[in-house]
Trainee: 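Pasting in a structure now, in structure tokens, and then I'll have a few things to ask.
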Amino acid sequence: MADSGTLSGRRALVTGGASGIGRACAVRLAEAGADVVVVDRDADAAKAVAEAVGGTAVAVDLSDLDAVDGLDLDVDVLVNNAGLQHVAPLHEFPVDRFSLILRLMLETPFRLVRSALPHMYERGWGRVVNVSSVHGLRASAYKSAYVTAKHGLEGLSKVIALEGAPHGVTSNCVNPAYVRTPLVENQIADQAKAHGLSEDQVVEQIMLAPAAVKRLIEPAEVAEAVAYLCSPAAASITGSSLVMDGGWTAH
């Protein structure tokens with residue numbers, strides 16, 4: 001656990017910070033002493049989280065690259081978390097949806113890091129944490145864009161680690177399996193309709209089938225891993241992927 005105060009004097013930016021994993025990260029990093037910037041396209045929800053953690057809300061559509069380039073990235077901690085999912089067979093996958101997912105989940109993190117690194121280098125300290133997925137390490141059918149984006153994020157994270165190391169900057173991925181978030185809850189409903197199953201059956205028979213630990217992960221668990229990677233104890237961990245998949249990749 002990151003001790004309270006370990007991030008005092010540090011500014012952290014969390015994308016997709018208004019709900020789910022992002023919200024949990026904003027809360028946890030604030031507990032560790034960080035001044036948190038909550039970035040999300042949902043202005044009201046971002047404001048609510050920012051007020052709860054004593055931080056700042058920035059409402060922006062992160063798929064708009066010009067808007068991304070206009071953000072203030074003088075931050076010490078960057079958590080790339082924003083994302084979305086689309087499930088469809090490859091031969092039917094909407095090409096505009098594929099482009100959107102890669103833009104939001106791969107090019108936007110690249111641009112955010114590109115803008116944040118000069119500040120981190122100047123201070124001789126920085127933490128980049130990329131919320132990846134078990135799908136950054138393994139594939140599932142019908143998720144071509146998401147799997148591609150997360151695999152790309154893994155590679156980007158490693159390059160950041162190699163370049164950042166001489167400047168005191170670490171870069172790592174956190175790789176959860178299914179987390180109890182709005183994104184996953186929407187998938188459960190969609191899959192229940194598609195397969196003619198109840199939502200409980202979707203969780204048990206489809207989502208948790210590859211995992212040894214048969215439960216959804218809570219957002220706070222992921223946030224704890226993110227906080228650890230920002231803590232002094234994790235100073236030598238870089239270019240790594242912290243897997244939280246309930247044993248999925250042990251097969």
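Worth saying up front: this structure is predicted, and the values here are computed from it rather than measured. In this chain, residues are counted from 1 in sequence order. Scope of the values below: all heavy atoms of this structure, side chains included, with no hydrogens, waters or symmetry mates.
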Trainee: Please report the C-alpha distance between Ser115 and Leu71 in whole Å, then the side-chain angles of each, then the deciding distance to 0.1 Å, and finally whether the side chain to side chain contact (heavy atoms under 4.5 Å, CB included) criterion is met.
Mentor: CA-CA 9 Å; Ser115 296; Leu71 291 172; over 6 Å; no
Trainee: Got Leu229 and Ile237 here, is their nearest side-chain heavy-atom distance under 4.5 Å?
Mentor: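 SC-SC contact between Leu229 and Ile237 confirmed.
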Trainee: Compare all side-chain heavy atoms of His195 with those of Gln201 and state whether any distance is below 4.5 angstrom.
Mentor: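 The answer is no, as the side chains (C-beta and beyond) never meet within the 4.5 Å cut-off.
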Trainee: Go through the steps to decide whether Glu107 and Val68 satisfy the test side chain to side chain contact (heavy atoms under 4.5 Å, CB included), and finish with yes or no.
Mentor: CA-CA 10 Å; Glu107 184 162 0; Val68 169; over 6 Å; no
Trainee: Would you say that Val113 contacts Leu78 through its side chain, given a criterion of any heavy-atom pair below 4.5 Å between the two side chains?
Mentor: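 A side-chain contact exists here, since the closest heavy-atom pair is under 4.5 Å.
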Trainee: Does the distance from a Lys or Arg side-chain N to an Asp or Glu carboxylate O, for Asp76 and Arg123, drop under 4.0 Å?
Mentor: yes
Trainee: Strictly by modelled atom types, are Ser231 and Thr6 linked by a side-chain donor-acceptor pair under 3.5 Å?
Mentor: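 No donor-acceptor contact under 3.5 Å links the two side chains.
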Trainee: Give, for atom CG of Leu153 and atom CZ of Phe110, the distance between the pair rounded to the nearest 0.5 Å.
Mentor: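 Taking CG in Leu153 and CZ in Phe110, the distance rounds to 13.0 Å.
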Trainee: May I ask you to check whether Asp61 and Ser63 show a side-chain donor-acceptor distance below 3.5 Å?
Mentor: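 Ser63 and Asp61 do have a side-chain donor-acceptor pair below 3.5 Å.
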Trainee: Kindly state whether the ring of His135 and the ring of Trp248 have centres lying under 6.0 angstrom apart.
Mentor: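 That pair passes the under 6.0 Å test.
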Trainee: Using the side chain to side chain contact (heavy atoms under 4.5 Å, CB included) rule, take Val243 and Val134 through it: C-alpha gap first, then chi angles, then the decisive distance, then the call.
Mentor: CA-CA 7 Å; Val243 184; Val134 65; 5.7 Å; no
Trainee: Which atom pair, heavy atoms only, marks the closest approach of Ala116 to Val75?
Mentor: CB-CG2, 4.2 Å
Trainee: Would you sort out whether His86 and Tyr146 count as a ring-ring contact (aromatic ring centres under 6.0 Å, His included), showing the intermediate values?
Mentor: CA-CA 7 Å; His86 189 90; Tyr146 189 90; over 10 Å; no
Trainee: If two hydrophobic side chains count as joined below 4.5 Å and joins carry through other members, does Leu84 share a cluster with Val14?
Mentor: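 Different clusters.
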Trainee: Please identify which of these residues, Asn175, Val179, Ile21, Thr15, meets the side chain to side chain contact (heavy atoms under 4.5 Å, CB included) condition with Val131.
Mentor: Ile21
Trainee: Which pair of non-hydrogen atoms, one from Leu183 and one from Gly83, has the smallest distance, and what is that distance?
Mentor: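 That would be CD1-O, 3.8 Å.
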Trainee: Looking at Tyr142, I'd like to know if its OH atom is crowded, meaning that more than 12 non-hydrogen atoms belonging to other residues, nucleotides or ligands lie closer than 6.0 Å.
Mentor: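 12 or below, so no.
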Trainee: What closest approach, in Å, do Leu102 and Ala145 show between heavy atoms, and which atom pair accounts for it?
Mentor: CD1-O, 3.6 Å
Trainee: Going from CZ on Arg127 to OG1 on Thr238, what distance comes out if it is rounded to the nearest 0.5 angstrom?
Mentor: 8.0 Å
Trainee: Taking 4.0 angstrom as the limit, do Arg111 and Asp69 come out as a salt bridge?
Mentor: yes
Trainee: Any link between Val60 and Val37 through a network of hydrophobic side chains (Ile, Leu, Val, Met, Phe, Trp, Tyr) touching at under 4.5 Å?
Mentor: yes
Trainee: How far does NZ of Lys158 sit from CG of Leu162, to the nearest 0.5 angstrom?
Mentor: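 It comes to 9.5 Å.
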Trainee: Starting at CG of Leu242, measure out to CG of Asn130 and round the result to the nearest 0.5 Å.
Mentor: 12.5 Å
Trainee: Looking at Ser240, is its backbone amide N or carbonyl O close enough to the side chain of Asn172 to form a donor-acceptor pair, meaning the two atoms are under 3.5 Å apart?
Mentor: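 Side chain of Asn172 to backbone of Ser240, a donor-acceptor pair under 3.5 Å: yes, one is there.
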Trainee: Keeping Asp72 on the side-chain end and Asp74 on the backbone end, is there a donor-acceptor pair under 3.5 Å?
Mentor: yes
Trainee: Distance from Ile160 atom CD1 to Leu117 atom CG, nearest 0.5 Å?
Mentor: 6.5 Å
Trainee: Can you check whether Leu29 reaches Val79 side chain to side chain, under 4.5 Å on heavy atoms?
Mentor: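 Side-chain contact under 4.5 Å: yes.
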Trainee: Side-chain contact test, heavy atoms from C-beta onward, threshold under 4.5 Å: evaluate it for Met120 versus Val128 and give yes or no.
Mentor: yes
Trainee: My understanding is that only residues two or more places apart in sequence, or in another chain, count here; which of them pass salt bridge (charged side-chain N to carboxylate O under 4.0 Å, His left out) with Arg215?
Mentor: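 Arg215: salt bridge (charged side-chain N to carboxylate O under 4.0 Å, His left out) contacts with Glu221.
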Trainee: Report, as yes or no, whether the 6.0 Å neighbourhood of atom CG on Asp44 holds more than 12 heavy atoms from other residues, nucleotides or ligands.
Mentor: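 At most 12 heavy atoms, drawn from other residues, nucleotides or ligands, come within 6.0 Å of this atom.
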Trainee: State yes or no: do Met244 and Leu137 share one hydrophobic cluster built from I, L, V, M, F, W and Y residues joined by side-chain heavy-atom distances below 4.5 Å, directly or via other members?
Mentor: no
Trainee: Taking NZ, NE, NH1 and NH2 as the nitrogens, is one of them in Arg41 or Asp64 under 4.0 Å from a carboxylate oxygen of the other?
Mentor: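 Judged by the 4.0 Å cut-off on N to carboxylate O distance, Arg41 and Asp64 do not form a salt bridge.
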Trainee: Under the criterion side chain to side chain donor-acceptor pair (under 3.5 Å), I'd like the reasoning laid out for Ser157 against Ser171: C-alpha separation, chi angles, the key distance, then a yes or no.
Mentor: CA-CA 6 Å; Ser157 184; Ser171 173; 3.0 Å; yes
Trainee: Please report the shortest heavy-atom distance between Val38 and Ala18, naming the atom on each side.
Mentor: CG1-N, 4.0 Å
Trainee: Heavy-atom count check: over 12 atoms from other residues, nucleotides or ligands less than 6.0 Å from Lys47 NZ?
Mentor: no
Trainee: What residues, two or more places apart in sequence or in another chain, satisfy ring-ring contact (aromatic ring centres under 6.0 Å, His included) together with Tyr121?
Mentor: His167
Trainee: Please report the closest heavy-atom contact between Ala220 and Ala24, naming both atoms and the distance.
Mentor: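 For Ala220 and Ala24, the tightest heavy-atom pair comes out as N-CB, 4.0 Å.
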Trainee: Determine whether His151 and Val147 make a side-chain contact, defined as any pair of heavy atoms from C-beta on separated by less than 4.5 Å.
Mentor: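 The answer is yes; the side chains approach within 4.5 Å.
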Trainee: Does Arg28 reach the side chain of Cys25, with side-chain heavy atoms less than 4.5 Å apart?
Mentor: no
Trainee: On a heavy-atom basis, which atom in Cys230 and which in Val77 lie closest, and how many Å separate them?
Mentor: SG-CG1, 3.7 Å
Trainee: Is there a donor-acceptor pair closer than 3.5 Å between any side-chain N or O of His251 and the backbone N or O of Pro210?
Mentor: yes
Trainee: When you measure from the side chain of Lys214 to the backbone of Leu208, do you find a donor-acceptor pair of N or O atoms at a distance under 3.5 Å?
Mentor: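 Yes, because the side chain of Lys214 sits within donor-acceptor range (under 3.5 Å) of the backbone of Leu208.
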Trainee: Is it the case that over 12 heavy atoms from other parts of the model lie below 6.0 angstrom from the CD atom of Glu122?
Mentor: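 Check fails, neighbour count at 12 or below.
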Trainee: Does the side chain of Asn80 come within less than 4.5 Å of Val129's, by heavy atoms?
Mentor: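 No, their side chains stay 4.5 Å or more apart.
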Trainee: In the single-linkage hydrophobic clustering (I, L, V, M, F, W, Y; side-chain heavy atoms under 4.5 Å), do Val184 and Val222 co-cluster?
Mentor: no
Trainee: Using 4.0 Å as the upper bound for N to carboxylate O, is an ion pair formed by Glu154 and Lys150?
Mentor: no
Trainee: Is any side-chain N of the basic residue among Arg180 and Glu185 closer than 4.0 Å to the acidic one's carboxylate O?
Mentor: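 Salt bridge: no.
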Trainee: Determine, step by step, whether Asp245 and Arg138 satisfy the side chain to side chain contact (heavy atoms under 4.5 Å, CB included) criterion, reporting the C-alpha distance in whole Å, the side-chain angles of both residues, the deciding distance to 0.1 Å, and the verdict.
Mentor: CA-CA 11 Å; Asp245 67 353; Arg138 296 288 188 273; over 6 Å; no
Trainee: Hey, could you give me the CE/OG1 distance between Met105 and Thr148, rounded to the nearest 0.5 Å?
Mentor: 10.0 Å
Trainee: Group every Ile, Leu, Val, Met, Phe, Trp and Tyr by side-chain heavy-atom contacts under 4.5 Å, then state whether Leu216 and Val174 land in the same group.
Mentor: no
